[in-house]
Amino acid sequence: MSQVIQSNIQVGELATGQALTIPLYDFIGSNASAPSVYIQANVHGAEVQGNAVIYQLMTLLEGYDVLGNIKLAPLANPLGINQKSGEFTLGRFDPITGVNWNREYFDHKVDLTAWYAKHQHLSNAALFDAYREMLVESCQARLTLPFGITTGHRLAVSLQSIAHQADIVLDLHTGPKSCKHLYCPEYDIDAARFFSIPYTLVIPNSFGGAMDEAAFCPWWQLTDFAAQQGRDFEVPVSAFTLELASQERIDLADALDDANGILAYLSHRGVVREKVEPANMTRFGCYLKDYKKFHAPKAGLIEYCAAVGQPLIAGEPLVNILRMDLYGTDDAHQVISLPMDCVPILHFASASVHQGTELYKVMTNVFTL
């Protein structure tokens, strides 16, 4: 029923002068008042499963009546995707600056007192249009600063400029060795029940540098400021990061499950006409303050004992640390456990680690959504 239009956008230039471009796919909706959507994947080079999810989602959308415009950007970071060393993809950090590719987005820091005073006479719809236009123009101005910007920031702000034109933003990622989990802002926690994802990290309504925060934070700030002036409306933009299990992995069957979860959310929001029910599954949540990082107490070779996505009882083995240089002593093998119940969400990919390496991230104080 629906057809997709392919185009490309330039996000930089290579040292040899070639344009650095990414593909875009657009489903043009039939209802201008329906929410618009932007979905991107593979900002980190090794996190390829989001491309499979976008592929499956596009295949599904061809059979649906699409009401709102949907723009999809797989392969969103060609520099990171091509950052290879032997059999491994190293594309998590900009090799020029060392900055995480997903922490390069622009914090607008809008002067809401001045901006709202100038625009408060507008209707809600006109207010939102003006605010969106200002965000997009700010990104475009950022790309043309007289002293220039870094390669990574140019890529991020180019993507952010597209995202600001949408009402719903989904950023598809994976972990190193990980179970599926969702980053969801506090104001939008009810949305977590639509995605096919068992664990949700509930994050503050504040900017930390990632795409989801870059998309929703300016709108949360506008909504909060307007409420202080006695004007109430719902936050106009929703944005989430979907962590789709482990990196360096493509699983098309699993991708279909996640595409159906995304479709269920889009159906709930009125982006497609058809009713799509969310997966019947138990979903759990944890506030970001209760999401704990465990760092290696010493260097060594690591056996990861705790399975990701499975509850771990306090005192049960988390890791075994093997130190061959200490063979024959009591310190050659050490079992490490945690003092509280938790759910391991992801762990480091390598079995050889330096002291202080972040080995696990675990949810504590887990609750049912």
Side-chain angles (χ1 to χ4, degrees), residues 44-49 80-103 173-181 183 197-201 208 243-251 254 284-367:
H44 289 139
E47 301 181 9
V48 294
Q49 178 67 0
I81 294 164
N82 287 289
Q83 193 181 341
K84 305 288 288 188
S85 179
E87 63 185 290
F88 301 105
T89 308
L90 304 180
R92 185 171 184 81
F93 302 97
D94 181 343
I96 301 171
T97 63
V99 177
N100 186 329
W101 289 111
N102 196 37
R103 296 296 182 272
H173 285 259
T174 66
K177 300 294 182 181
S178 175
C179 69
K180 295 179 188 179
H181 53 292
Y183 284 85
I197 295 179
Y199 294 101
T200 293
L201 276 166
E243 298 279 354
L244 305 167
S246 301
Q247 64 188 26
E248 297 281 29
R249 158 190 175 269
I250 288 288
D251 185 323
D254 201 28
F284 302 93
C286 163
Y287 287 96
L288 189 63
K289 64 182 177 63
D290 295 320
Y291 191 43
K292 305 297 185 183
K293 300 176 182 179
F294 174 77
H295 297 88
K298 62 183 182 181
L301 306 178
I302 304 297
E303 179 184 9
Y304 297 95
C305 300
V308 295
Q310 298 298 319
L312 184 71
I313 304 301
E316 289 188 350
L318 181 72
V319 297
N320 286 321
I321 302 180
L322 185 64
R323 285 288 294 266
M324 293 304 298
D325 59 314
L326 300 176
Y327 180 76
T329 74
D330 292 339
D331 293 326
H333 170 220
Q334 183 179 3
V335 181
I336 303 290
S337 60
L338 296 177
M340 78 285 287
D341 295 348
C342 66
V343 178
I345 297 298
L346 58 82
H347 68 71
F348 194 61
S350 177
S352 59
V353 304
H354 298 295
Q355 185 180 41
T357 296
E358 183 184 288
L359 294 186
Y360 270 95
K361 288 184 178 180
V362 302
M363 286 184 175
T364 64
N365 296 323
V366 176
F367 53 87

Indicate yes or no: at least one non-hydrogen side-chain atom of [X] is less than 4.5 angstrom from one of [Y].
| X | Y | answer |
| --- | --- | --- |
| V343 | C179 | no |
| V362 | L312 | no |
| R92 | Q247 | no |
| Y360 | L338 | no |

Closest non-hydrogen atom pair between [X] and [Y], with its separation:
| X | Y | result |
| --- | --- | --- |
| T364 | K292 | CG2-CG, 4.0 Å |
| R103 | G208 | CD-O, 3.5 Å |
| H333 | N320 | NE2-OD1, 3.3 Å |
| S352 | L301 | CB-CD2, 3.8 Å |
| S178 | V308 | C-CG2, 3.8 Å |
| E243 | G175 | OE1-N, 3.6 Å |

Could you check whether E47 and H173, counting side-chain N and O atoms only, form a donor-acceptor pair closer than 3.5 Å?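 On atom types as modelled, these side chains qualify, holding a pair under 3.5 Å.
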Can you check whether [Y]'s main-chain N or O pairs, donor with acceptor, with [X]'s side chain at less than 3.5 Å?
| X | Y | result |
| --- | --- | --- |
| D341 | I313 | no |
| T89 | G91 | no |
| Y291 | C286 | no |

Among all residues two or more places apart in sequence or in another chain, which pass the salt bridge (Lys or Arg N to Asp or Glu O under 4.0 Å) test with D330?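 Residues passing salt bridge (Lys or Arg N to Asp or Glu O under 4.0 Å) with D330: none at all.
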Which residues pass the salt bridge (Lys or Arg N to Asp or Glu O under 4.0 Å) test with R249, not counting sequence neighbours?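 With sequence neighbours excluded, R249 shows a salt bridge (Lys or Arg N to Asp or Glu O under 4.0 Å) to D251, D254, given in chain and number order.
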For Y304 and F348, what are the C-alpha separation, side-chain angles and deciding distance, and is it a ring pair (Phe, Tyr, Trp, His ring centres under 6.0 Å)? CA-CA 9 Å; Y304 297 95; F348 194 61; 7.5 Å; no
Flag if over 12 foreign heavy atoms under 6.0 Å of NE2, H295: yes
Would the number of heavy atoms belonging to other residues, nucleotides or ligands and lying under 6.0 Å from NZ of K177 be above 12? no
Can you label the angle between the Y287 ring and the F367 ring as parallel, tilted or perpendicular, going by 30° and 60°? tilted
For D290, enumerate each residue passing the side-chain hydrogen bond (donor to acceptor under 3.5 Å, both in side chains) test, keeping only those at least two apart in sequence or located in another chain. N365
